[in-house]
Amino acid sequence: MLRRAWILVLTCAAALGQNRVLVDRVGSTGFLQLEAPSFDKLSPHQQALAYWLSQAAIAIDPIIYDQNSIWGLRQKRLLEGIMRTPPADAVGRAKITEFAKLFWANRGNHNDQTAQKFLPGFTFEELQAAAKAALGAAGFSKAYGLPLIGNQADLDRELNDLRPSLFDPAFEPTITAKSPQGRLDILQASANNFYAGVGLADVKDFHESHPLNSRLVKSRDGKLVEEVYRAGTPDRTIPPGRYALFLGKAIGYLQKARAVAEPGQDVVIDALIRYYQTGDPADWIRFGIGWVGNNPPVDFANGFIEVYRDARAAKGTSQSFVTITDQKMNHLMTTLAANAQYFEDRAPWLAQYKKQGVKPPLAKAVETVVETGDFHVSTVGDNLPNENEVREKYGSKSFLFTGSSRSINAARGFSALEEFAATPEEIALGKKYGQEASDLMTALHEIIGHGSGKLNPKFANGTESVLKEYYSALEEARADLMALWNATDPKLRELSLISSPDVAKAMYNRSVSVALTQLQANPKGDTLEEDHQRNRQLIVNYVMDKTGAIQKVERNGKTYLLLKDFDKMRQGVGALLAELMRIKAEGDYPAIKALIDKYGVHFDPAVRDQVIARYKKLDIPAYWEGIHSSLTPQLDASGNAKSVAISYPRDYVKQQLGFADMYR
């Protein structure tokens, strides 16, 4: 279940030499400096806690490469071996370096947002030469538990095995194919590594005991087997499973973190350690119950959490972040959370779907120390845990990642707004209220959106399994719509959370224009696969069709989306929101399939090509990656952190190789 807010793609990067935050750029990807000034206000114990939790986050980072592709870890080992050794050919190394940066930024060679494969700028022969030089310099270790590349014959076999995955555009072209072409189903057409030899027909009547944290494999006799993600228990009563190497390393750091944790947080960390040992879903629920009620200054997420990479919306990807509460921005989050019942009562859906006695979600503004695995800097809001049985009884925890939004905002300007806004009034509103509208939408999306609504009691564990590949797009649309619906409520002025009613207008304008601007991130094909993008297009196309409040206009060969009638759009927002809540509550798969297939999937490639050409003239990145802070401990004789210093490196390659050194 995806419960994230991604920053709208209306960014503008200044020249690298003029922008302290924008450190590097490769093609359409910008690399941003992330800072956490709140770290300096922590006590030594809290700083040590942040360090050990960060190490646990880095420990699980390699897992996502294997989850995104069966070839991912082997590709990662090969590239890192080359990048550690002196270049034999400067031109070839430059091309390999650019590809390696994009590979790390996307956790493999498929774009994080579009799920589409990208190809290297170097040839197979250039890769061979660079790899041979690395072999001669002993660059290939037995990293990540992979077999050693010890001689030229080993290297030749490895390169030939990896050749299609790196160079053939038709080989596993998409991580997650929710609208596959041809005869393959959504599992068979997806390049991810959640299933091996398994199609939709195989899982129709199969009940998984570990749906979130296992790989499903068809054995030689045709039976389905779950390869459970777990490290195993110390007494060996539960044996190690898949990813035991990485989970075992994370457990060691979590044990260090436990020793310096806040009161109550030590119990939460114990529960996560137990889950990583056993892989038992019940242990994950116990961790979620403890975690959602715990609000320490140094907080974290670590686990198999989001399911949107899996076309079935069942398998969780590995992700982690470590955060520090940003007290300057915390008022917005905590005030909205305290008024959650007010907004629930005014939702435009039927009374039977409204919660009573809403437990205010734990909400906080935070700066990130590190983000690993399937977590990216473009995620500026998150609401967890995803498990409905935890959320219904114990509530949820919402994060506004101020460090990420601050860095992205520092690297952008107004040129995209000026290019794609339909009117001068829209430009003026965007310049004056755009940042305020963005922060408010993220907060409403996470706290009021994802935390809202009640399901039919027959779906006590949620409706993900029945809404399947459409669930995540539905939930993201529902959260965005709740933000749009409530942005006009006078309660926000009463609570001093907005400066003007025009903030809502700026929010609506951005929500309309993003259906156009997000096409920049989809250079191939004519369908959207990413759930946030489907959600945004669904809203705009539905409102356009049902109310006429939005109009597509052409001027001087350029396409614009014009918000003609603010009040009519809000009516359309309410109608779609009510229907999505009904669909979610009742598990109405045919209804959500019809809605998203009609309004959220297909786009005009000619308009996309025009948008890309307009962005090209603006020279604006389409994607972002973060360069995280570096924590350096001073350890005593027992290996405990006496003090921790924070610094802000600007060398992305060095940082990624440093992460990888944990497994050399």
Side-chain angles (χ1 to χ4, degrees), residues 5-16 18-22 30 32 328-329 332 365 377-378 380-381 400-445 480 483-484 486-488 492-493 496-521 536 539-540 549-553 555-556 558-567 569-570 611 614-622 624:
W6 283 11
I7 195 158
L8 301 185
V9 186
L10 291 171
T11 53
C12 176
L16 293 182
Q18 300 173 336
N19 196 312
R20 183 179 63 85
V21 174
L22 185 60
L32 301 175
K328 291 181 180 179
M329 287 292 295
L332 171 64
V377 69
S378 53
V380 295
L400 174 63
F401 296 97
T402 60
S404 297
S405 59
R406 192 163 53 225
S407 293
I408 292 174
N409 292 335
R412 73 181 183 179
F414 296 120
S415 62
L417 172 66
E418 293 167 346
E419 172 63 32
F420 290 97
T423 66
E425 292 75 18
E426 182 180 339
I427 295 173
L429 283 172
K431 288 183 176 180
K432 189 170 185 179
Y433 298 112
Q435 182 55 53
E436 189 177 350
S438 178
D439 287 343
L440 179 65
M441 184 160 189
T442 300
L444 286 168
H445 174 110
D480 271 1
L484 293 167
N486 289 296
T488 61
L492 296 176
R493 292 293 304 276
S496 300
L497 296 182
I498 60 171
S499 61
S500 165
D502 285 341
V503 173
K505 293 181 180 179
M507 184 189 295
Y508 272 56
N509 284 334
R510 294 185 74 176
S511 296
V512 170
S513 64
V514 75
L516 184 66
T517 58
Q518 71 178 10
L519 297 179
Q520 177 208 17
R536 295 165 184 159
I539 293 171
V540 170
I550 301 168
Q551 181 182 358
K552 184 184 290 186
V553 297
R555 291 198 303 265
N556 301 319
K558 295 181 179 181
T559 301
Y560 299 88
L561 292 177
L562 172 65
L563 175 53
K564 293 170 47 182
D565 192 315
F566 179 84
D567 292 331
M569 179 171 174
R570 188 170 188 273
V611 169
R614 292 161 72 180
Y615 264 105
K616 188 173 182 180
K617 290 182 179 179
L618 297 176
D619 195 26
I620 298 172
W624 301 102

- request: Indicate yes or no for a side-chain donor-acceptor contact from Ser511 to the backbone of Met507 under 3.5 Å, with no hydrogens or angles considered.
  value: yes
Whether Arg555 side chain and Ala422 backbone form a donor-acceptor pair below 3.5 Å: yes
message: Before you tell me yes or no, could you show the steps for Leu440 and Leu492 under side chain to side chain contact (heavy atoms under 4.5 Å, CB included), namely the whole-Å CA-CA distance, both residues' side-chain angles and the distance that decides it to 0.1 Å?
response: CA-CA 10 Å; Leu440 179 65; Leu492 296 176; 4.1 Å; yes
If we only count heavy atoms from C-beta on, is the [X] to [Y] side-chain gap below 4.5 Å?
X: Val611; Y: Phe420; value: yes
X: Leu417; Y: Arg510; value: no
X: Trp624; Y: Ser404; value: no

message: I'd like to check the salt bridge (charged side-chain N to carboxylate O under 4.0 Å, His left out) partners of Lys558; sequence neighbours left out, ordered by chain and number.
response: Glu419
task: Just grab all the salt bridge (Lys or Arg N to Asp or Glu O under 4.0 Å) pairs involving residues 425-439, residues at least two apart or on different chains.
output: Glu418-Lys431
Taking all non-hydrogen atoms of both residues, which atom of [X] and which atom of [Y] are closest, and how far apart?
X: Ala416; Y: Ile620; result: CB-CD1, 3.8 Å
X: Val540; Y: Ala515; result: CG2-CB, 3.7 Å
X: Ala506; Y: Tyr433; result: CB-CB, 3.9 Å
X: Thr402; Y: Ala365; result: CG2-CB, 3.8 Å
X: Ile427; Y: Ala421; result: CG1-CB, 3.4 Å
X: Ile408; Y: Ser378; result: CD1-CA, 4.2 Å

By the definition side chain to side chain contact (heavy atoms under 4.5 Å, CB included), identify the one residue from [options] that meets it with [X].
X: Lys552; options: Leu561, Leu516, Leu562; result: Leu561
X: Arg570; options: Leu484, Thr488, Asp565; result: Thr488
X: Leu563; options: Met569, Gln551, Lys505; result: Met569

How long is the gap from [atom1] on [X] to [atom2] on [Y], to the nearest 0.5 Å?
X: Leu429; Y: Thr423; atom1: CG; atom2: OG1; value: 8.0 Å
X: Leu519; Y: Thr559; atom1: CG; atom2: OG1; value: 10.0 Å
X: Tyr615; Y: Ser415; atom1: OH; atom2: OG; value: 8.5 Å

